[in-house]
Amino acid sequence: MLKVHLPDGTEKQYSQPITPRTVAEEIGPGLAKAALAAEVDGKVVGLDFTMPAEAATATADQDVNLRLLTRKDPEALGVMRHSCAHVMARAVMRLFEGVQLAFGPTIDGGFYYDFDLEHSLTEEDFPAIEAEMQKIIDLDEPFERIEQTRDDALKTVRDMDQRYKIEHIETGLGDHGGLSFYRQGEFLDLCRGPHIPSPKSIGAYKLLSVAGAYWKGDSSRKQLQRIYATAFFDKKELKEHLERIEEAKRRDHRVLGKQLELFTINPMVGSGLVMWLPKGAVIRGVLENFVRDELTRRGYQAVYTPNVGRIQLYETSGHYPYYSASMFTPIVMEEDEQYILKPMNCPHHIMIYKARPRSYRELPLRLAEFGTVYRNEKSGELSGMTRVRGFTQDDAHIFCTEDQVEGEFRGCIDMTRFVLDSLGLTDYRVRLGFRDPNSDKYVGSVENWERSQQSLIDVCASLGIEAQQEPGEAAFYGPKADFVVTDCIGREWQLGTVQLDYNLPSEQRFNLEYIGADNQPHRPVMIHRAPLGSMERFIGVLIEHFAGAFPLWLAPEQVRVLTVSEKSEDYGREVLTRLQAEGFRCTGDFRAEKLGAKIRDGQLELIPYMFVVGPRDAEQQTVSVRDRIDGDLGAMSVDNAIAHLRQEIAEKKVRKTYSGSAGLGDRGSANEY
RNA sequence: GCUGGCGUAGCUCAAUUGGCAGAGCAGCUGAUUUGUAAUCAGCAGGUUGUGGGUUCAAGUCCCUCCGCCAGCUCCA
């Protein structure tokens with residue numbers, strides 16, 4: 001007997017296998033019509049899925065939890081999008097000759113499909129493809145699931161002459177049970193499914209972009225053409241989605257960085273090499289001081305090391321054999337005297353550790369440095385400040401005993417969270433980068449790896465951090481916990497990182513030791529950590545996070561004194577001098593412009609406070625304070641105004657009031673004024 | 001690095017089928033003396049990313065290189 005449990009608690013019994021569609025029809029015609037897919041025991045399946053999945057023994061009772069999914073359920077959206085991918089692929093095959101299909105999965109925010117075809121797809125092809133998709137949708141042909149044995153499936157894809165599908169079955173898919181196809185009209189695609197019953201519920205779709213992509217991610221293979229697209233159940237949702245994308249693009253740090261004069265990159269200097277303009281340098285300086293204070297509080301010691309090191313240093317560390325491709329070419333003095341621009345700081349810090357014998361009494365030894373490193377990233381990888389060739393890490397290396405690892409690791413995670421929280425950066429995920437058991441790029445013993453991976457898991461669990469484990473994301477010398485954020489166009493970036501390392505201290509590498517209480521040498525463990533990651537990337541992300549509108553404590557220019565007319569310039573200068581003396585970052589706008597024009601300029605430069613001074617203020621020794629967000633706060637004494645700002649700075653107050661857009665030149669949609 | 005797209009004044013963008021490189025903002029000069037998002041006028045600003053080619057004629061067409069953008073691959 002099959003017992004089907006529904007979410008409302010009701011139970012239906014069947015004496016033979018049954019599909020979700022039949023259950024839906026029994027419940028009512030409305031639901032039967034609205035149902036798009038189902039969830040059986042937590043797994044999303046099509047309406048034609050046979051329950052139970054495994055044939056039960058004749059006598060045993062079997063329980064199945066069934067949820068019928070309609071357009072209101074988020075899971076149904078992904079199913080519909082995947083069906084839309086099939087419709088798109090079908091349209092492309094109708095429009096172009098010799099189309100070879102690769103993969104077409106659902107992704108966050110939409111879907112894509114990879115094709116191999118002669119014609120070079122451009123966005124100009126989109127209207128025709130979309131029109132063809134509409135024709136297909138209007139036909140309203142059902143998506144039909146066809147199951148075949150692996151051998152039959154192979155014959156099917158051979159008959160269709162679909163090379164990638166053939167290869168996928170031959171090399172990618174084992175012989176488990178059988179394989180499935182989905183047919184819709186003349187279109188047949190090898191596909192696990194599930195799909196919606198028919199394309200009529202594809203409400204609104206849009207092709208977004210076309211780009212190259214490698215078959216199965218292998219860069220030695222031919223590149224395919226990928227069309228990215230998205231779909232929603234109704235037009236309004238699609239419109240909102242597209243608006244969100246546009247809104248996010250307005251925060252682009254590369255655009256804001258130029259408009260707000262934070263940084264510049266010039267091909268004469270080189271790709272991926274950032275020059276910090278004075279205003280950007282202020283933000284960086286304030287952040288660095290903030291971190292330095294925190295380091296002092298947490299028992300770190302500052303060190304400085306040079307920007308180059310001899311090649312032997314990196315041969316010993318293991319970096320050179322593994323990563324010479326992404327290091328800058330050595331500077332050759334003599335054949336056996338070659339220098340490398342340092343790609344990381346750890347080997348230098350290790351040499352500081354080795355400067356003399358170490359006792360267990362001085363562990364944990366925490367060595368910190370804002371260390372500038374250079375990595376020869378491939379040209380296509382570079383992007384603004386988030387992916388560069390030269391950057392400065394808020395780096396530190398902790399040398400500790402085995403027993404101290406967990407506490408130190410905990411402290412690193414705590415500091416990272418503290419720093420991010422202080423900036424209102426809470427939208428991150430924690431990724432545990434683990435060793436990929438199938439790769440040989442890692443150094444050190446498997447036992448060491450498993451031991452340190454387990455410590456990471458334990459500490460995160462004890463701190464209540466939800467961390468996702470990702471094999472293959474580890475550094476070559478050890479596992480790590482990364483704080484990952486998303487930029488304005490949806491790309492993920494690693495910021496803060498804490499990495500456990502049993503390998504660089506090992507005998508094969510630097511052979512680090514300390515003398516224990518037992519008067520015997522012992523091996524320390526290293527932790528590499530950087531709460532911000534790199535100053536470049538972090539501030540790039542921060543620009544997007546604040547849409548260029550930095551909180552008062554970070555703002556390059558905190559206050560601007562505006563005169564109503566040139567008649568008040570003397571008083572304006574007096575106020576400005578006072579503010580400067582009090583330590584504020586401030587300027588004066590004493591131009592012969594109308595007040596409105598000066599305010600407009602200040603607002604567009606996203607300056608947190610403007611002090612307006614006119615004859616009335618001069619007479620009463622006040623300033624009329626204008627807040628970037630709340631507007632005119634009225635006149636107050638200079639002392640009160642200063643106290644007001646002081647407080648906001650001391651609290652490191654983050655006042656996020658925008659819905660996304662800020663910066664110069666798009667006042668129309670901005671709403672923070 | 002790969003695939004595709006792009007590159008015109010400091011910025012944002014124009015420039016019929018190949019036919020005299022232009023506007024707004026910013027900048028400079030002058031006038032205006034203004035109380036919470038743009039005062040007016042004038043001036044100046046360019047080897048159209050680079051190097052080559054086709055052509056009577058190239059911003060426009062072709063090739064090289066450089067750079068940027070999106071994606072892929074990579075990311076100690």
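Letters go in sequence order (proteins before strands), and every chain restarts at 1.
- Listed pair A/K378 / B/C75 fails the phosphate criterion, with no side-chain N or O lying under 4.0 Å from OP1 or OP2.
- Contact annotation for A/S120: backbone-only contact, meaning every heavy-atom pair under 4.0 Å involves sugar-phosphate atoms and none involves a base.
- Heavy atoms of A/M610 sit nowhere under 4.0 angstrom from any nucleic acid atom.
- Residue A/Y477 is classed as a sugar-phosphate contact, given heavy-atom separations below 4.0 Å to backbone atoms only.
- A heavy atom lying under 4.0 Å from RNA chain B marks the following residues of residues 266-277 of chain A, by number: A/P267, A/S271.
- For A/V612, the side-chain atoms get nearest to B/G35 when compared with the rest of B/A70, B/U34, B/G35.
- Taking only side-chain atoms of A/F476, from C-beta outward, the nucleotide of B/A76, B/C72, B/C75 with the closest atom is B/A76.
- Figure legend: A/R560 and A/F611 shown without cation-pi pairing, the cationic atom not lying both under 6.0 angstrom from the six-membered ring centre and within 45 degrees of its axis.
- Helical stems of RNA chain B (runs of at least 3 Watson-Crick or G-U pairs, donor-acceptor distances under 3.5 Å) are listed by first residue: B:1-7 with B:66-72, B:10-13 with B:22-25, B:27-31 with B:39-43, B:51-53 with B:61-63.
- Counting only heavy atoms from C-beta on, A/Q223 has its side chain closest to B/U3 among B/C11, B/U3, B/U33.
- Within 4.0 Å (heavy atoms only), A/K480 reaches sugar-phosphate atoms of the nucleic acid but no base atom.
- Defined by atom type and a distance below 3.5 Å, a donor-acceptor pair is missing between the side-chain atoms of A/T622 and A/S637.
- In this model, the phosphate group of B/C74 is not approached by any side-chain N or O of A/R375 to a distance below 4.0 Å at OP1 or OP2.
- Phosphate contact (OP1/OP2 of B/C74, side-chain N/O of A/Y214, threshold under 4.0 Å): absent.
- The residue A/R254 sits close only to the backbone: its heavy atoms come under 4.0 Å of sugar-phosphate atoms, none of a base.
- Checked against the 6.0 Å centroid criterion, the rings of A/Y442 and A/F476 do not qualify as a close aromatic pair.
- For the pair A/R81 and A/F111, the cation-pi criterion (under 6.0 Å, within 45° of the ring axis) is not fulfilled.
- Not one side-chain nitrogen or oxygen of A/R491 sits closer than 4.0 Å to the OP1 or OP2 atom of B/C74.
- Using a 4.0 Å heavy-atom cutoff across all strands shown, A/G596 reaches sugar-phosphate atoms only and no base atom.
- Among the nucleotides B/G5, B/G71, B/U32, the one closest to the side chain of A/Y228 is B/G71.
- A donor-acceptor contact under 3.5 Å links the side chain of A/D617 to the base of B/G35.
- The side chain of A/E593 sits closest to B/U39 out of B/U39, B/U34, B/C72.
- Classified by interplanar angle (parallel below 30°, tilted 30° to 60°, perpendicular above 60°), the ring pair A/H119/A/F96 is parallel.
- Distances shown here put every side-chain N or O of A/R221 at or beyond 4.0 Å from the OP1 or OP2 atom of B/U73.
- Base engagement by A/A592 is indicated by at least one non-hydrogen atom pair under 4.0 Å involving a base atom.
- Contact annotation for A/G217: backbone-only contact, meaning every heavy-atom pair under 4.0 Å involves sugar-phosphate atoms and none involves a base.
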Could you pull out every donor-acceptor pair under 3.5 Å between side chains of residues 263-279 of chain A and any protein atom, sequence neighbours left out?
unit_1: A/N266; atom_1: OD1; unit_2: A/M268; atom_2: N; d: 2.8
unit_1: A/W276; atom_1: NE1; unit_2: A/E536; atom_2: OE2; d: 3.4

